[in-house]
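Below is one structure; the comments refer to it alone.
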Amino acid sequence: MFKLNVTCNVEAGQALCYSKRGWLMSQFARPEVTPSLSLDSSQGDASAASSAGVIVDSTVAQRDQSSQTGHGKYVLISPCRDEAEYMRQTLDSVIGQSVQPAKWVIVDDGSTDRTPEILAEYQARHDWIEVVVRSNRGRRSVGPGVIESFYAGYGAINPNEYEYLCKLDLDLRLPPRYFEILMARMTAEPRIATCSGKAYVEQNGQLENERSGDDTSLGMTKFYRVSCFKAIGGFVQEVMWDGIDCHRCRMHGWIACSWDDPELRFVHLRPMGSSDRGIYVGRMRHGYGQYFMGTGFLFMAASAISRLNQKPYVLGSLAMLWGWIKSALAHNPRYHDAEFRRFLRRYQWRVLWLGKKRVLEELARESAATN
């Protein structure tokens with residue numbers, strides 16, 4: 001089979017791709033919302049329930065992607081900018097996976113450091129790595145900018161050729177069976193739409209949990225069933241894109257989750273939210289994102305209080321809360337989907353009254369009863 005190794009330049013909604021055979025042009029588009037969904041119904045030997053209320057396979061199935069067309073294949077899409085300090089660790093840990101991706105599209109969003117040079121080095125060695133180059137916008141843009149870059153990469157693939165896709169950051173170090181295990185668990189539980197492991201940071205030679213809810217897949221490694229990704233309409237181009245998508249999955253009766261199992265713990269090489277103007281701005285941005293998504297003040301306050309003992313102690317929580325309050329005082333816009341916001345408020349009230357673990361267990365039972 002002929003494989004084409006290309007480098008692309010994305011401008012104004014088009015991807016210009018260069019190979020030794022010349023210039024090719026392809027139009028990229030956002031994923032379409034599909035009215036119905038057919039999930040893979042294959043079942044493994046389900047034997048244990050995770051904290052997210054998900055039944056998972058106790059053994060990991062071995063997969064041979066070379067003999068599969070679509071089924072069992074996964075694609076990675078990695079937006080990046082100026083990641084020379086960290087990216088080799090991510091590149092090497094993906095190359096070392098027990099099940100490698102069928103394709104990896106890396107979008108260079110105008111890097112000014114050695115990122116292009118490093119990407120060219122790895123692309124030359126691995127024909128399943130493709131690089132898309134975007135013009136320099138002059139700054140790092142988290143939230144909307146990251147998702148804009150993600151869709152530049154999404155436009156370089158045919159999603160129907162894959163069963164799974166993952167938005168993957170380039171500042172991570174992954175365990176060697178990470179994607180193999182995620183796929184096995186999604187095969188064992190067809191209601192899982194998106195999942196991930198848990199992020200840890202290295203502090204004084206120790207690994208420290210970055211603490212994230214079991215009801216979400218983490219934004220730096222969003223692993224999705226392609227059919228579900230299409231059905232929810234993909235990611236919104238806003239700061240809270242990685243929260244909205246998980247709640248949309250629950251609106252469909254599906255499961256969004258993450259597991260804190262040793263074999264799924266990955267190292268986040270820089271603290272969450274610190275990539276753009278530091279950790280405190282990142283915490284305020286989180287508060288704004290929660291306000292935009294539709295989170296109520298009481299839930300936001302409870303969330304901030306629960307993080308008082310998380311670094312940066314106290315001030316990080318206050319920055320989150322101030323981001324929400326400042327947005328409310330300024331009457332900033334909220335997510336346009338009123339039905340979504342009502343669903344979110346009901347979910348958050350249930351969590352406040354019953355606790356997240358019990359609510360997730362109830363939602364899992366409700367989903368099982370209707371499927």
Side-chain angles (χ1 to χ4, degrees), residues 30-44 46-57 71 74 159-160 162-167 182-197 212-219 221-236 240-259 290 293-296 299 335-371:
R30 298 286 296 274
E32 298 178 355
V33 178
T34 54
S36 61
L37 174 67
S38 177
L39 291 175
D40 177 10
S41 60
S42 60
Q43 298 290 331
S47 61
S50 75
S51 59
V54 182
I55 305 300
V56 298
D57 197 346
H71 180 75
Y74 73 99
N160 297 324
Y162 310 95
E163 186 175 2
Y164 307 103
L165 68 81
C166 179
K167 181 262 181 195
L182 292 183
M183 288 189 292
R185 293 190 177 189
M186 294 182 84
T187 299
E189 175 49 271
R191 290 173 298 152
I192 298 176
T194 179
C195 61
S196 75
S212 56
D214 294 339
D215 60 341
T216 183
S217 57
L218 275 62
T221 166
K222 281 260 179 203
F223 197 79
Y224 254 96
R225 209 180 295 270
V226 169
S227 52
C228 296
F229 181 79
K230 289 181 176 181
I232 67 168
F235 300 136
V236 300
M240 214 47 164
W241 65 271
D242 53 348
I244 291 172
D245 70 304
C246 291
H247 290 295
R248 281 211 167 276
C249 287
R250 276 185 282 277
M251 289 179 72
H252 281 265
W254 303 325
I255 295 168
C257 61
S258 52
W259 297 283
Q290 288 284 353
M293 183 170 67
T295 294
F299 189 89
Y335 187 43
H336 62 84
D337 190 331
E339 180 185 359
F340 171 89
R341 296 200 309 272
R342 286 191 295 269
F343 174 88
L344 175 68
R345 291 291 185 92
R346 289 195 300 269
Y347 173 78
Q348 291 178 340
W349 273 112
R350 287 178 70 180
V351 168
L352 286 173
W353 282 106
L354 303 175
K356 184 174 289 186
K357 182 178 180 180
R358 180 175 170 184
V359 171
L360 291 176
E361 290 172 349
E362 289 181 355
L363 288 175
R365 287 194 295 269
E366 292 169 6
S367 175
T370 57
N371 288 283

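The first residue of the sequence shown is numbered 1, and numbering continues consecutively from there.
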Identify the heavy atoms of [X] and [Y] that sit nearest to each other, and give their distance.
X	Y	answer
V359	R350	CG2-O, 3.4 Å
S258	G213	OG-O, 3.2 Å
C249	Y224	SG-OH, 3.5 Å
C195	L182	SG-CD2, 3.9 Å

Any side-chain heavy atom of [X] sitting closer than 4.5 Å to one from [Y]?
X	Y	value
L344	Y335	no
S196	F223	no
Y164	R225	yes

Quick one: list whatever passes side-chain hydrogen bond (donor to acceptor under 3.5 Å, both in side chains) with K222, sequence neighbours left out.
S217, D245
Report the residues that fulfil side-chain hydrogen bond (donor to acceptor under 3.5 Å, both in side chains) with T295, sequence neighbours left out, ordered by chain and then residue number.
Q290, Q348
Enumerate the residue pairs fulfilling salt bridge (Lys or Arg N to Asp or Glu O under 4.0 Å) with a member in residues 336-345, sequence neighbours excluded, ordered by first and then second residue.
R248-D337
Those residues that, when tested against F343, pass ring-ring contact (aromatic ring centres under 6.0 Å, His included) (two or more places apart)
none
Can you list the residues that meet the ring-ring contact (aromatic ring centres under 6.0 Å, His included) rule with F299, with sequence neighbours excluded?
none
Main-chain N/O of D215 paired to R250 side chain as donor or acceptor, under 3.5 Å:
yes
Residues at least two apart in sequence or cross-chain that pass side chain to side chain contact (heavy atoms under 4.5 Å, CB included) with R358, listed by chain then number, are L354, E362
